[in-house]
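Please read the structure below before turning to the comments.
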Amino acid sequence: MSTVPESAASYYADAIEEILIDEETLAQRVKELAEATAARHADDPEDLILICVLKGAVMFLTDFSRALPIPNQMEFMAVSSYGAGTSSSGVVRILKDLERDITGRDVVIVEDILDSGLTLSWLLRNLSSRNPRSLEVVTLLRKPEARQSVNVDCADVGFDIPDEFVVGYGLDFNEQFRSLPFVAKLKPEVFQ
């Protein structure tokens with residue numbers, strides 16, 4: 001079990017049970033995911049749009065975009081299916097929509113975590129109706145044990161993790177812990 005680095009220890013150390021993925025491991029895997037995406041889109045990289053689902057995926061998106069060795073553009077959406085809880089309600093609302101048309105473009109949804117698959121499945125249907133040339137998902141984290149009967153295909157998955165509530169690297173609990181440079185499991189008493 002890793003310990004919380006000094007930079008985060010003063011504020012969050014008492015809430016962290018375990019670091020699941022450290023900063024160096026995240027950086028290496030993000031680079032690998034970016035290289036795999038670039039290889040799939042090398043023929044026409046100028047049409048590549050990365051869609052970030054706010055707020056959780058923003059850290060992953062910025063590192064992923066910088067690691068891509070081909071041109072890319074960024075778009076942002078905010079959808080809600082969690083509220084203040086720790087599991088998806090299954091009811092999705094668009095809080096912020098795209099600002100540009102994706103018709104005929106190659107679109108990569110850059111997702112922070114795939115657990116139930118409900119929100120991402122809804123988002124894929126919504127974006128497909130906008131007629132992109134291609135549409136794929138790259139997710140940093142996936143909880144295979146948590147997935148329901150919703151089948152979501154991902155072009156790439158960074159890490160499969162246990163069905164635990166995790167924070168850090170953009171992921172939050174009540175808007176806290178996003179700035180941690182690693183992915184960690186909270187102590188159960190923090191969110192129960």
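Residues take their numbers from the sequence shown, with the count starting at 1.
Under the side chain to side chain contact (heavy atoms under 4.5 Å, CB included) rule, Met77 has a single partner from Leu123, Ile109, Leu54, which is Leu123. Exactly one residue among Ile21, Leu26, Ile113 makes a side chain to side chain contact (heavy atoms under 4.5 Å, CB included) with Leu140. That residue is Leu26.
In terms of the salt bridge (charged side-chain N to carboxylate O under 4.0 Å, His left out) criterion, residue partners of Arg66 (sequence neighbours excluded) are, by chain and number, Asp63. Residues forming a salt bridge (charged side-chain N to carboxylate O under 4.0 Å, His left out) with Glu46 (at least two apart in sequence, or on another chain): none. Taking the side chain to side chain contact (heavy atoms under 4.5 Å, CB included) definition, one finds that Asp163 meets it with Lys143, Glu145, Ala146, sequence neighbours left out. Remark: Lys96 pairs with Glu99 by the side chain to side chain donor-acceptor pair (under 3.5 Å) rule, at least two apart or across chains. Residues that satisfy the side chain to side chain contact (heavy atoms under 4.5 Å, CB included) test with Thr103, not counting sequence neighbours, are Asp101, Asn131. Checked against salt bridge (charged side-chain N to carboxylate O under 4.0 Å, His left out), Asp47 has the following partners two or more places apart in sequence or in another chain: Arg105, Arg133. Residues satisfying the side chain to side chain donor-acceptor pair (under 3.5 Å) criterion with Thr37, sequence neighbours excluded, are Arg40. In this view, Glu23 satisfies the salt bridge (charged side-chain N to carboxylate O under 4.0 Å, His left out) rule with no residue, not counting sequence neighbours. Applying the side chain to side chain contact (heavy atoms under 4.5 Å, CB included) rule to Ala27 yields no partners; only residues at least two apart in sequence or on another chain are considered.
Listed by first and then second residue, the salt bridge (Lys or Arg N to Asp or Glu O under 4.0 Å) pairs involving residues 122-131 are Asp97-Arg130 (not counting sequence neighbours). Among residue pairs with one or both ends in residues 165-176, those qualifying as salt bridge (Lys or Arg N to Asp or Glu O under 4.0 Å) are Lys55-Glu175, Asp172-Arg178, Glu175-Arg178; sequence neighbours excluded.
Phe173 and Phe177 have their aromatic ring centers separated by at least 6.0 angstrom.
Neither side chain, Glu24 nor Gln28, offers a donor N or O lying under 3.5 Å from an acceptor on the other.
Within 6.0 Å of CZ in Arg93 there are 12 or fewer heavy atoms belonging to other residues, nucleotides or ligands.
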In a table with atom names and distances, give each donor-acceptor pair under 3.5 Å that connects a side chain of residues 179-188 to protein atoms at least two apart or in another chain.
| from | atom 1 | to | atom 2 | distance (Å) |
| --- | --- | --- | --- | --- |
| Lys185 | NZ | Glu17 | OE2 | 3.1 |
| Lys187 | NZ | Asp14 | O | 3.0 |

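The backbone N or O of Leu61 sits nowhere less than 3.5 Å from a side-chain atom of Ser65 that would complete a donor-acceptor pair. Distance alone, capped at 3.5 Å, is enough to place a donor-acceptor pair between the Ser129 side chain and the Asn126 backbone.
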